[in-house]
Engineer: 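This structure is in structure tokens; I'll ask about it shortly.
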There are 2 protein chains.
Amino acid sequence: MPFYRGHMSQDAVDTSLSKWELQLRKGLLTFVVLRELKREQHYGYSLIAALSKVLQAEMAEGTIYPLLSRLQRDGMIDAYWQIQPSGPARKYYRITEAGMRLLSAMQAHWDHVNQRLGDSPS
Amino acid sequence: MPFYRGHMSQDAVDTSLSKWELQLRKGLLTFVVLRELKREQHYGYSLIAALSKVLQAEMAEGTIYPLLSRLQRDGMIDAYWQIQPSGPARKYYRITEAGMRLLSAMQAHWDHVNQRLGDSPS
DNA sequence: CGATATACCTTGCTAACCAAGGTATGCCGT
DNA sequence: ACGGCATACCTTGGTTAGCAAGGTATATCG
């Protein structure tokens with residue numbers, strides 16, 4: 001039995017919160033990645049740093065690389081290799097014209113939903 | 001080959017958008033359900049109508065019932081049966097005290113993320 | 001020649017939406 | 001009486017996607 005801290009089931013609240021934050025991240029990630037790639041080109045590693053800042057959570061490589069592959073496969077971004085004077089080569093990604101259209105649609109949807117949720121809850 | 005409409009890969013944009021909207025819904029649903037149950041009691045069927053309005057998408061029963069089961073299992077909501085003068089009985093759900101704490105934490109996280117994303121993109 | 005840093009990628013596990021299909025209750029028209 | 005319909009509940013199977021863990025490769029430094 002864990003130490004009783006004045007509220008039962010705080011662990012359950014924490015667990016539920018973590019799972020929810022994961023789901024929310026899943027919902028926002030593609031949007032945030034496209035926004036960031038519109039702002040400037042990135043390679044995988046530099047994206048992780050940029051995203052971790054925006055989403056306030058450490059992004060895993062196992063998240064970013066498959067996501068970039070999917071976006072490239074679907075034509076929303078394209079990529080080219082750039083050899084570095086020092087260290088391993090970097091794969092840079094740019095948003096495509098289709099990616100811009102997708103981003104616009106996402107932004108519109110986001111604004112819409114956000115407006116609905118903005119109506120104060122309590 | 002589909003009709004060419006002036007832009008290549010519009011289908012890909014639409015498909016990507018649908019998938020993304022699904023993911024976003026997954027991220028928002030628990031939050032919205034708790035908010036709605038804080039506002040007033042609901043049974044499963046009446047929740048579907050309320051949520052469809054907020055999220056601008058038809059909510060499926062196969063989404064809501066498992067979600068309500070999970071929330072009840074985790075102690076975030078509780079339920080009681082109410083026999084109706086006509087038709088099948090309804091299972092009403094109420095938010096619990098733990099559920100209120102979860103909702104507060106979600107709201108704080110939501111506000112935080114939303115503020116970060118609010119910084120205009122383009 | 002190891003150790004470290006940078007950079008890429010894949011596999012296996014898990015969470016969760018939702019189309020489809022199933023069960024049960026009560027009302028209504030024939 | 002009975003078939004159809006609306007209301008209400010629930011479960012199964014397919015799909016999407018994050019992420020911990022583990023793998024590969026390049027270049028630098030001691």
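No experiment lies behind these values; they were computed from the predicted model shown. To find a chain, count down the sequence lines: A is the first, B the second, and so on, and within it residues start at 1.
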Engineer: For Tyr80(A) and dC8(C), give me the distance from atom OH to atom P, rounded to whole Å.
Structural biologist: 12 Å
Engineer: Transitively linked via ILVMFWY side-chain contacts under 4.5 Å: Val33(B) with Tyr92(B)?
Structural biologist: no
Engineer: Between P on dG14(D) and NZ on Lys19(B), what's the gap in Å once rounded to a whole number?
Structural biologist: 17 Å
Engineer: Distance from Gln41(B) atom CD to Leu47(B) atom CG, nearest 0.5 Å?
Structural biologist: 11.5 Å
Engineer: When the distance from CG of Leu28(A) to P of dA17(D) is rounded to whole Å, what number comes out?
Structural biologist: 14 Å
Engineer: Summarise protein proximity over nucleotides 23-30 of chain C in one line of letters, 5' to 3': B for base, S for sugar-phosphate only, - for none, counting protein heavy atoms closer than 4.0 Å.
Structural biologist: --BSS---
Engineer: Which distance, rounded to the nearest 0.5 Å, do you find between the OH of Tyr80(B) and the CZ of Arg90(B)?
Structural biologist: 11.0 Å
Engineer: With a 4.0 Å heavy-atom cut-off, tell me which residues in residues 58-71 of chain B come close to DNA chain C, sorted by residue number.
Structural biologist: Met59(B), Ala60(B), Gly62(B), Thr63(B), Arg70(B)
Engineer: How many Å lie between CZ on Arg73(B) and C1' on dA16(C), as a whole number?
Structural biologist: 11 Å
Engineer: Nearest whole Å is fine: how far is dT6(C) C1' from Tyr43(A) OH?
Structural biologist: 8 Å
Engineer: Any side-chain donor paired with an acceptor under 3.5 Å for Glu36(A) and Tyr93(A)?
Structural biologist: no
Engineer: Can you tell me how far CG of Leu51(A) sits from CZ of Arg25(A), rounded to the nearest 0.5 angstrom?
Structural biologist: 11.5 Å
Engineer: Is the NZ or CZ atom of Arg35(A) both under 6.0 Å from the centre of the six-membered ring of Phe31(A) and within 45° of that ring's axis?
Structural biologist: yes
Engineer: Quiz question: by atom type and distance under 3.5 Å, do the side chains of Tyr43(B) and Gln84(B) form a donor-acceptor pair?
Structural biologist: no
Engineer: OG of Ser16(A) to CG of Leu103(B): how many Å apart, nearest 0.5 Å?
Structural biologist: 12.0 Å
Engineer: Quick one: does Lys26(A) reach the base of dA17(D) with a side-chain donor-acceptor pair under 3.5 Å?
Structural biologist: yes
Engineer: Scan side-chain atoms only and decide if Gln115(B) and Asp111(B) contain a donor-acceptor pair under the 3.5 Å cut-off.
Structural biologist: no
Engineer: Tell me which residues in residues 44-52 of chain A lie within less than 4.0 Å of DNA chain C, going by non-hydrogen atoms.
Structural biologist: Gly44(A), Tyr45(A)
Engineer: Rounded to the Å, how far apart are Arg25(A) CZ and dT14(C) P?
Structural biologist: 18 Å
Engineer: Using 0.5 Å steps for rounding, measure from the OG1 atom of Thr63(A) to the CD atom of Glu58(A).
Structural biologist: 11.5 Å
Engineer: Grab the NE2-C1' distance between His42(A) and dA7(C) for me, whole Å please.
Structural biologist: 16 Å
Engineer: Quick one: CG on Leu29(B) to CE on Met59(B), what's the gap to the nearest 0.5 Å?
Structural biologist: 4.5 Å
Engineer: Using whole Å, report how far OH of Tyr92(B) lies from P of dT7(D).
Structural biologist: 14 Å
Engineer: Closer to the 5' end of DNA chain C via nearest nucleotide, is it Lys91(A) or Gln23(A)?
Structural biologist: Lys91(A)
Engineer: Give a yes/no on whether any side-chain N or O of Arg90(A) is located under 4.0 angstrom from OP1 or OP2 of dA7(C).
Structural biologist: yes
